[in-house]
Amino acid sequence: MKVLTWFAAACLMAGMTGNVSAQQLQVNDLDYFEGRGANVFVFSNEFNGFFFDEKTSGIEFIHHGVRTVQGGAVRLQNTPEQWDLVPTMINRKVDKVNNSIEVELKYKELDFTSRVQVQATGDGLVITVMLDNPLPATLEGKAGFNLEFLPSAYFEKSYLADGQPGYFPLYPSGETVVRPVSEKITQFAGHTTFDDRGRGEFLEPLPMATFNNLVLAPEDPERRITLQSETPMRLFDGRNLAQNGWFVVRSLLPAGKTGNVLQWKVKLNTLPNWVRTPVIAFSQAGYVPGQQKVAVIELDKNDTPLKQATLYKVDAAGQSKEVLTADVLPWGRYMRYNYVKFDFSTVKDPGLYVIQYGQLRTNPFSIDATVYDNIWHPTQDVWFPVQMDHMEVNEAYRIWHGLPYLDDAVQAPVNHQHFDGYSMGPVTDTKYKPYERIPGLAVGGWFDAGDFDIQTGSHNSVLLSLSDAWERFRTDRDETYIDQQTRYVDIHRPDQKPDILQQIEHGTLNVVAQLVNIGHPVRGIIVPNLHQYHHLGDASTETDNLPYNPALKPYETDGKSSGTPDDRWAFTNRITTLDYHSIAALASASRALKDFNPQLATDCMVQAKRLWEEDKNRASTDDTVFGKYMTNTEVMAALQLYITTKDAQYAVRFKEMIWKLLDQALNSNIATALQALPVLDDAYSNQLKPYVMKFQEMNDKLSKDNPYGVPISARGWAGNTQVINWAITNYYANKYFPDIVGKEYVFKGLNYILGCHPYSNISFVSTVGAKSKKITYGNNRADFRFIAGGIVPGVLLLKPDFLENKEDWPFLWGENECVVDTGAAWILLSEAIHDLLSNP
Ligand SMILES: [Ca+2]
Ligand SMILES: [Ca+2]
Ligand SMILES: [Ca+2]
């Protein structure tokens with residue numbers, strides 16, 4: 001079939017569903033194109049200089065409430081991967097009169113600049129690429145305009161490419177070609193995602209189709225998008241190179257031309273008068289009878305709020321009986337939606353309930369005294385065991401992973417910038433030479449997150465949270481078999497040892513090993529090669545588990561060592577704030593381990609005290625971002641040393657520091673200040689009281705900041721950890737100052753995590769609550785699955801006003817990556833809730 005004209009394509013679409021809409025997109029006050037059912041961001045979100053292409057940047061479409069398109073920009077590959085070069089936005093012009101937004105993009109490494117203009121016209125958009133200078137010869141056949149489409153939004157949907165039918169595959173099985181590496185545009189800092197086995201090659205995906213007119217999902221009026229250009233366009237499946245790839249439509253920029261070198265016409269179909277379905281947000285784990293119970297209902301700004309909502313009780317025969325109909329209370333606008341609240345706190349009868357708002361009815365949830373009794377069990381029983389490093393982990397018939405990283409670790413080289421935020425300066429700060437083996441590190445520790453590195457900072461946080469939980473609550477739950485001798489873990493198998501102590505022991509073993517063998521804690525231990533780092537699956541195959549032996553050739557082994565340089569590197573630069581963080585962690589772990597593993601408890605204190613003495617007399621070296629970030633670790637170390645030793649020198653140092661820190665940053669230090677109450681006197685408590693009152697004023701302000709009344713973060717990583725830690729802080733504050741801080745703030749934080757949050761009402765803890773995260777960014781993300789008990793980061797803000805947590809696409813780590821420190825904080829919060837309820 002020949003090329004359809006733009007008009008004919010529009011008629012074809014109209015004929016198929018009869019609901020063509022002619023509304024025009026308009027640049028709004030937030031500087032993006034807005035229409036009913038279609039929003040277009042033009043570099044409201046820039047490519048990230050830290051994690052590069054996070055699939056949250058460039059030209060982005062929010063189509064009937066779902067972000068389905070991003071990555072619109074001049075790009076240098078058919079399907080750019082995360083670490084391919086990204087353009088920097090040099091400037092952005094928003095022209096409300098002409099209804100257009102123009103950006104200037106620069107590849108600094110290649111000194112290549114282009115401009116992209118997006119203009120709303122009639123019922124669509126025109127995207128124009130402009131060049132002031134002809135393409136550099138090196139980028140001919142490489143630079144093009146790309147737009148990326150979310151695979152899961154188009155699964156089981158079709159397309160018409162110049163009328164030729166096709167469908168979007170569930171799983172990639174396209175064609176690729178091998179090219180010599182001399183033709184490759186180097187990835188970030190010379191790293192490479194491709195393991196070419198020494199052959200000097202790289203891969204390029206071939207197109208699924210080539211066309212001048214593409215209709216995506218003609219059958220689905222909510223997803224239908226039409227693209228048209230006189231320059232040929234090609235459709236690619238990025239997943240052939242990287243599991244987190246998207247479907248990419250691309251036109252190459254012509255060689256030897258300047259001015260307007262490329263133009264696309266784009267139309268997003270929209271349903272007339274479309275209104276987003278409301279979200280009724282509530283705790284998926286349910287509520288205990290006595291607590292506040294408030295559902296937050298999120299409404300499209302074009303929606304007219306209903307007057308009332310109703311709570312029904314569901315009986316054994318499946319019948320629903322109305323128990324409460326009440327007015328919904330308007331809260332107002334937050335970000336892009338309006339909010340109303342439905343308060344059903346008066347309902348206290350145990351049972352199953354649903355909320356009805358208009359035609360919309362929620363899934364059932366419970367009101368019962370027991371609803372929070374088990375909410376940390378999946379995290380402690382399953383998620384933490386699966387994260388355990390240097391162990392084989394079994395669960396019934398399934399091996400989660402074999403025994404990994406027996407080849408840990410070698411000294412990282414100096415002056416090196418790694419791709420996961422690690423770096424080395426000009427010295428090692430150890431007695432080891434670059435690449436020299438550091439003995440004793442193949443023990444203990446956890447995989448930091450969905451990747452497999454040991455991050456010492458998060459280990460410290462885990463140890464502090466779990467030790468606090470043990471000291472306060474003494475929960476001796478035992479559902480995991482952990483044998484350090486044979487390096488074997490078996491899930492759902494008691495071994496007469498409290499799991500929480502076994503986890504504290506496991507983390508402590510690695511931190512102590514760092515202090516003994518290196519002399520101080522290290523920033524982290526991680527694979528050196530980018531082609532290893534994106535590993536998905538069993539951790540035991542990320543390295544070959546054999547120590548590197550330079551006498552052998554790559555991929556050659558003598559059975560005891562290998563010639564493949566894949567051993568993890570220890571990033572060893574000494575960071576004083578990290579030292580103090582580890583001192584705090586080890587001093588607190590030593591109390592938890594006192595009877596359980598007396599030798600390890602002693603080692604903790606020997607190392608912690610040694611480090612404290614050394615750091616007292618050392619000039620600070622905290623010029624790193626990491627070092628500056630953690631301003632509160634010395635005061636934590638002083639407190640934990642004092643609690644363990646009762647040696648007055650530590651209390652003196654604690655008191656010297658804490659008041660100034662509270663004045664500087666109340667939020668970051670109030671938890672530590674509250675934790676000191678049991679070991680200090682009334683004078684301290686009296687002096688702290690005004691700070692707790694100030695903290696409570698901040699609690700009150702949160703209820704005005706957003707309808708959920710919790711601290712929602714607006715940074716590049718969503719903020720569930722912050723919400724959990726805030727709830728824990730409120731638990732401490734309520735425990736020691738119940739007249740100032742009420743229990744409801746602890747429950748507010750808890751219920752936010754369990755479903756009462758923006759975007760959806762899913763519980764952010766996999767398998768906790770009636771509906772919970774089924775897709776997360778764990779090491780099994782390529783299978784679109786989860787690890788039970790993982791807590792995701794939550795709702796990520798895409799600037800300027802779109803909060804998102806995708807449930808059909810696991811690969812956005814800012815939304816879906818579970819990390820160990822959050823898991824430990826969740827265990828602590830859950831047990832604190834249990835304590836609140838058991839000791840009213
Ligand atoms: Ca990591
Ligand atoms: Ca156990
Ligand atoms: Ca190795």
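Just follow the structure's listing: the first ligand is 1, and inside any ligand the first atom is 1. Treat the numbers as computed from the prediction; the structure is a model and nothing was measured. All values below come from the heavy atoms of this structure, side chains included, with hydrogens, waters and symmetry mates left out.
- D451 has its closest N, O or S atom to the Ca ion (ligand 1) at the position named OD2.
- Counting backbone and side-chain atoms alike, L546 contributes an N/O/S atom closer than 3.0 Å to the Ca ion (ligand 3).
- Between the Ca ion (ligand 1) and the N, O or S atoms of D448, the shortest distance is to OD2.
- For D567, the N, O or S atom closest to the Ca ion (ligand 3) goes by the atom name OD1.
- For a distance bound of 3.0 Å, the N, O or S atoms of P498 include none lying that close to the Ca ion (ligand 2).
- Considering just the N/O/S atoms of D495, the one nearest the Ca ion (ligand 2) carries the name OD1.
- Checking Q502 against the Ca ion (ligand 2), an N/O/S atom falls under the 3.0 Å cut-off.
- Between the side chains of H401 and N779, no donor-acceptor pair of N or O atoms lies under 3.5 Å.
- Salt-bridge formation is not detected for the pair E831/R472: no Lys NZ or Arg NE/NH1/NH2 atom is positioned less than 4.0 Å from an Asp or Glu carboxylate oxygen.
- Restricting D544 to its N/O/S atoms, the shortest distance to the Ca ion (ligand 3) is reached by OD1.
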Is there a salt bridge (charged side-chain N to carboxylate O under 4.0 Å, His left out) between R197 and D195 once you walk through the steps?
-> CA-CA 5 Å; R197 309 291 285 194; D195 182 4; 3.8 Å; yes
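- Nearest N/O/S atom of D420 with respect to the Ca ion (ligand 1) is recorded as OD2.
- Residue side and main chain included, T480 places an N/O/S atom under 3.0 Å of the Ca ion (ligand 2).
- Judged by a 6.0 Å distance limit and a 45° cone about the ring axis, R523 is not positioned over the six-membered ring of F571.
- Remark: the N45 side chain and the T56 side chain contain no N/O donor-acceptor pair separated by less than 3.5 Å.
- When each of W813, Y777, F764 is checked for a side chain to side chain contact (heavy atoms under 4.5 Å, CB included) with V792, only F764 meets the rule.
- One of the N, O or S atoms belonging to D499 lies under 3.0 Å away from the Ca ion (ligand 2).
- Of all N/O/S atoms in D478, OD1 sits nearest the Ca ion (ligand 2).
- Looking at D407 and the Ca ion (ligand 3) together, the shortest N, O or S contact belongs to OD2.
- Atom CZ of R785 has 12 or fewer neighbouring heavy atoms from other residues, nucleotides or ligands inside a 6.0 Å radius.
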Show your reasoning for whether side chain to side chain donor-acceptor pair (under 3.5 Å) applies to S562 and D544.
-> CA-CA 8 Å; S562 99; D544 60 14; 2.5 Å; yes
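- Using modelled atom types, one finds a donor on one side chain and an acceptor on the other under 3.5 Å when comparing S561 with D558.
- Between the Ca ion (ligand 3) and the N, O or S atoms of D566, the shortest distance is to OD1.
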